[in-house]
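Small disclaimer: the values here were computed from a predicted structure and weren't measured. The first residue in the sequence is number 1, and the count goes up from there.
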Amino acid sequence: MATLLGASLVVLIALLSMTAYVRRRPPDMSERGLRHFRNGLSLACLSSVMLAGAYALWLVATPRSLTPNPLLVLLAAGGNLLNAASLIYGLRELTGESLFVGLLIVFAQLM
């Protein structure tokens with residue numbers, strides 16, 4: 001579980017650095033496409049924070065019964081919904097940057 005927490009933090013750092021890169025050098029897309037791309041990137045960062053929080057919660061409070069932890073279920077469901085929304089927003093216009101962010105989001109979803 002600690003490995004998954006580390007991997008989710010690596011994805012979070014990659015998404016945050018991509019956000020900084022996009023702010024300095026915006027990709028060649030329309031203004032509306034760039035706005036959607038930045039919204040998708042922000043949602044992906046929020047989803048990665050939720051994923052890291054879910055793994056940290058799992059490490060701290062390992063479930064001992066079959067009843068799921070409601071906070072863990074909420075973090076997992078919210079992260080999945082944010083991943084789907086960030087893919088929809090981020091891939092409206094296909095550029096190299098948007099495909100890279102989409103790959104990071106799919107990698108975070110597979111974890």
Side-chain angles (χ1 to χ4, degrees):
M1 198 53 60
T3 306
L4 288 174
L5 178 62
S8 68
L9 290 175
V10 166
V11 170
L12 175 63
I13 290 169
L15 286 170
L16 288 174
S17 63
M18 188 68 182
T19 303
Y21 175 76
V22 166
R23 291 205 191 277
R24 285 189 68 120
R25 296 177 184 252
D28 187 27
M29 43 173 73
S30 67
E31 188 173 327
R32 183 177 178 194
L34 184 61
R35 187 171 14 109
H36 285 296
F37 178 63
R38 285 183 177 164
N39 286 342
L41 200 53
S42 298
L43 290 175
C45 289
L46 185 60
S47 171
S48 292
V49 167
M50 291 178 78
L51 180 68
Y55 286 140
L57 180 66
W58 187 277
L59 273 176
V60 172
T62 304
R64 291 186 173 79
S65 67
L66 294 177
T67 318
N69 186 346
L71 184 58
L72 189 62
V73 171
L74 183 68
L75 286 173
N80 285 335
L81 289 174
L82 285 175
N83 271 341
S86 64
L87 276 175
I88 291 169
Y89 273 117
L91 294 177
R92 293 236 174 149
E93 290 186 21
L94 295 179
T95 62
E97 290 90 353
S98 67
L99 291 175
F100 181 70
V101 169
L103 181 69
L104 284 174
I105 294 168
V106 168
F107 179 67
Q109 183 67 34
L110 291 176
M111 287 194 303

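Remark: R25 pairs with Y21 by the side-chain contact (heavy atoms from CB on, under 4.5 Å) rule, at least two apart or across chains. P26 meets the side-chain contact (heavy atoms from CB on, under 4.5 Å) test with L34, R38; sequence neighbours excluded. By the side-chain contact (heavy atoms from CB on, under 4.5 Å) test, N69 pairs with L57, L71, L72, sequence neighbours left out. Every residue two or more places apart in sequence or in another chain that forms a side-chain contact (heavy atoms from CB on, under 4.5 Å) with R35 is listed here: R32, N39.
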Stepwise side chain to side chain contact (heavy atoms under 4.5 Å, CB included) test for E97 and V101: CA-CA 6 Å; E97 290 90 353; V101 169; 5.6 Å; no
Distance-only check: which donor-acceptor pairs under 3.5 Å involve side-chain atoms of residues 8-17, not counting sequence neighbours?
residue : atom : partner : partner atom : Å
S8      : OG   : L4      : O            : 3.4
S8      : OG   : L5      : O            : 2.8
S17     : OG   : I13     : O            : 3.2
S17     : OG   : A14     : O            : 2.8

Show every donor-acceptor pair shorter than 3.5 Å between a side-chain atom in residues 78-93 and any protein atom, with sequence neighbours excluded, or say none if there are none.
residue : atom : partner : partner atom : Å
N80     : OD1  : Q109    : NE2          : 2.8
N80     : ND2  : A76     : O            : 3.4
N83     : OD1  : S47     : OG           : 2.9
N83     : ND2  : Q109    : OE1          : 2.7
S86     : OG   : L82     : O            : 3.1
S86     : OG   : N83     : O            : 2.9
R92     : NH1  : H36     : NE2          : 3.3
E93     : OE1  : S30     : N            : 3.4
E93     : OE2  : S30     : OG           : 2.6

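Taking OG1 of T19 as the reference point, atom CZ of F37 lies at 8.0 Å (rounded to 0.5 Å).
Nearest heavy-atom pair across M50 and L75 is CE-O, 3.8 Å.
Residues in residues 70-79 take part in no side chain to side chain donor-acceptor pair (under 3.5 Å) pair, two or more places apart or across chains. Residue pairs that meet the ring-ring contact (aromatic ring centres under 6.0 Å, His included) test with at least one member in residues 56-81, sequence neighbours left out, do not exist here.
In the hydrophobic clustering of ILVMFWY residues, with side-chain heavy atoms under 4.5 Å counting as a link, F100 and V106 come out together.
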